[in-house]
Structure formats: C-alpha cells, structure tokens
Asks: 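For reference, the structure I am asking about is given below.
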Amino acid sequence: QLQLVESGGGLVQPGGSLNLSCVASGYTFGYYAIGWFRQAPGKEREGVSCISNGGDELYYTDSVKGRFAISRDGAKNTVYLQMNSLKPEDTAVYYCAATLPDRITTIKEMCVLGRRRFGIWGQGTQVTVSS
C-alpha cells in the first residue's frame, strides 16, 4: 500500500515562504489523487489544495488562492506545496493524503470531503508562522 511522508515544515515569519514535500512509496503513486490538508489547534481539518492523478486538475481553498501552488513530480513520487506570503493564520499541522479517483467525483469535491474520501495519510509536518 502507498505510504506518505511529509517534510519541509518549520517556523517562518509572516510574508515568508515554505515548500512542503510529500514523498510516496509504492509503484502505484501515479494512480492516486493527492491532497494537502491542515489542522490548527481547536479547528477542523480542512482541505488546502488537491491535485488529480494526472496533475491536470487542481483545487485550492479560497484562503490560499494566489499564495500556494501544488505540483507533482511522477519521477520522484513527490507532491509539493509551495507556500508564499504566509500568514499567522496558516499555522497548522499540514498533512498529505492520497485517494484513488473515480469518474464522478471532481478534485474539488474530493478535497472538500477530506477524510471521508482520502484514506491514506502521512504523519504531518508543523508549519508555524510567527514573528
């Protein structure tokens, strides 16, 4: 089964940037849609950005549009989340997750469904935005 490992989190000042990586083990990586989710203390886990298995469909939650960019590199079994112009409200544990797509559910719908749709999760990486 696919396994996911996140890295790239850390402490950054407001306005700064981080690039998160999600490395997958398993030869079936290319079959999976991948999502980045985050959970702040006392809040629900939310879908930040998701990418289809082919990389041609993307979704961003409104609060990160124009600041975050998701991409995937099949040769490296890796999905990236480039985060720019970071704000204190971006502080959270960031998780990547994987799901096999179907022909009905859009990438946006999958991302919004979150844990009801994504069944494979990494351990998370902490992102703290603070001066």
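Remember, predicted model here, so these are calculated numbers, not experimental data.
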Asks: Identify the two heavy atoms, one from Val12 and one from Gly16, that lie closest to each other, and give their separation to 0.1 Å.
Replies: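 It is CG2-CA, 3.7 Å.
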
Asks: With a 4.5 Å cut-off on side-chain heavy-atom distances among I, L, V, M, F, W and Y, is there a chain of contacts connecting Val23 to Met83?
Replies: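 No, separate clusters.
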
Asks: Once rounded to the nearest 0.5 Å, what's the spacing between atom OG of Ser52 and atom NZ of Lys108?
Replies: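 Spacing of OG (Ser52) from NZ (Lys108) equals 16.0 Å.
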
Asks: Is the side chain of Glu6 donor-acceptor paired with the backbone N or O of Thr125 at a distance under 3.5 Å, no angle test?
Replies: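 Answer holds: no.
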
Asks: Under a single-linkage definition using a 4.5 Å side-chain heavy-atom cutoff for Ile, Leu, Val, Met, Phe, Trp and Tyr, are Leu100 and Leu2 assigned to the same hydrophobic cluster?
Replies: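 Yes, one cluster joins them.
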
Asks: Between Ser85 and Arg67, do the side chains contain a donor N or O and an acceptor N or O under 3.5 Å apart?
Replies: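 Arg67 vs Ser85: no donor-acceptor pair found between side chains.
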
Asks: Looking only at non-hydrogen atoms, find the nearest pair between Ser63 and Arg38 and report the distance.
Replies: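 Heavy atoms of Ser63 and Arg38 come nearest at OG-NH2, 3.3 Å.
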
Asks: Where do Met110 and Ala33 come nearest, in terms of heavy atoms and distance?
Replies: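 Shortest heavy-atom contact: CE-CB, 4.2 Å.
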
Asks: With the threshold set at 4.0 Å, does a side-chain nitrogen-carboxylate oxygen contact exist between Lys87 and Asp90?
Replies: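 A salt bridge is absent here (no side-chain N lies under 4.0 Å from a carboxylate O).
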
Asks: Measuring from atom CG of Leu81 to atom OG of Ser21, what distance do you get when rounded to the nearest 0.5 angstrom?
Replies: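 Rounded to the nearest 0.5 Å, the CG-OG separation comes to 9.5 Å.
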
Asks: Please name the pair of heavy atoms, one in Thr91 and one in Ala40, separated by the smallest distance, quoted to 0.1 Å.
Replies: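 Result for this residue pair: O-CB, 3.6 Å.
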
Asks: Would you say Arg45 and Trp121 make side-chain contact, with heavy atoms under 4.5 Å?
Replies: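 Yes - at least one pair of side-chain heavy atoms lies under 4.5 Å apart.
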
Asks: Rounded to the nearest 0.5 Å, what separates atom CD in Glu109 from atom CZ in Arg116?
Replies: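 If I round to the nearest 0.5 Å, the distance is 11.5 Å.
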
Asks: Minimum heavy-atom separation for Ile51 to Val79, with atom names?
Replies: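 Scanning both residues completely, I find the closest heavy atoms to be CG2-CG1, 4.2 Å.
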
Asks: For residues Gln126 and Thr128, determine if any side-chain heavy atom of one lies less than 4.5 Å from a side-chain heavy atom of the other.
Replies: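 Gln126 vs Thr128: side chains touch.
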
Asks: Is any side-chain heavy atom of Thr106 less than 4.5 Å from a side-chain heavy atom of Tyr59?
Replies: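 Side-chain contact under 4.5 Å: no.
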
Asks: Nearest 0.5 angstrom please: Leu86 CG to Glu89 CD, how far?
Replies: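 With rounding to 0.5 Å, CG (Leu86) is 10.0 Å from CD (Glu89).
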
Asks: May I ask you to test the Phe37-Phe118 pair for a side-chain heavy-atom distance under 4.5 Å?
Replies: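 Side chain of Phe37 against side chain of Phe118, heavy atoms only: contact under 4.5 Å found.
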
Asks: Are Tyr80 and Phe68 connected in a single hydrophobic cluster, I mean Ile/Leu/Val/Met/Phe/Trp/Tyr linked by side-chain heavy atoms less than 4.5 Å apart?
Replies: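 No; Tyr80 is not reachable from Phe68 via cluster members.
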
Asks: Taking all heavy atoms of Cys22 and all of Trp36, pick out the closest pair and write down the distance.
Replies: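 Nearest pair, atom of Cys22 first, then Trp36: CB-CZ2, 3.5 Å.
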
Asks: Do Leu11 and Ser130 come close enough that some side-chain heavy atom pair is under 4.5 Å?
Replies: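 Of all side-chain heavy-atom pairs linking Ser130 with Leu11, at least one is under 4.5 Å.
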
Asks: Look at atom CD of Gln1 and say whether more than 12 heavy atoms of other residues, nucleotides or ligands are closer to it than 6.0 Å.
Replies: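 No, not enclosed.
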
Asks: With a 4.5 Å cut-off on side-chain heavy atoms, are Tyr60 and Ile70 touching?
Replies: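 Answer yes - side chains close enough.
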
Asks: Backbone N or O of Lys43 within a donor-acceptor pair of the Gln39 side chain at under 3.5 Å?
Replies: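 Yes, the answer is positive, given that a donor and an acceptor are paired below the 3.5 Å cut-off.
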
Asks: So, do Leu4 and Tyr95 sit near enough that their side-chain heavy atoms are less than 4.5 Å apart?
Replies: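 No, every pair of side-chain atoms sits at 4.5 Å or beyond.
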
Asks: Within a strict 4.5 Å, meaning less than it, do heavy atoms of the Val127 and Leu20 side chains meet?
Replies: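 In short, these two side chains touch, coming nearer than 4.5 Å.
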
Asks: Taking Asn77 for its side chain and Ala24 for its backbone only, find out whether a donor-acceptor pair lies under 3.5 Å.
Replies: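 Checking the backbone N and O of Ala24 against the side chain of Asn77, a donor-acceptor pair under 3.5 Å is found.
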
Asks: What is the distance from atom OG1 of Thr105 to atom CZ of Arg117, rounded to the nearest 0.5 Å?
Replies: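 That separation rounds to 4.5 Å.
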
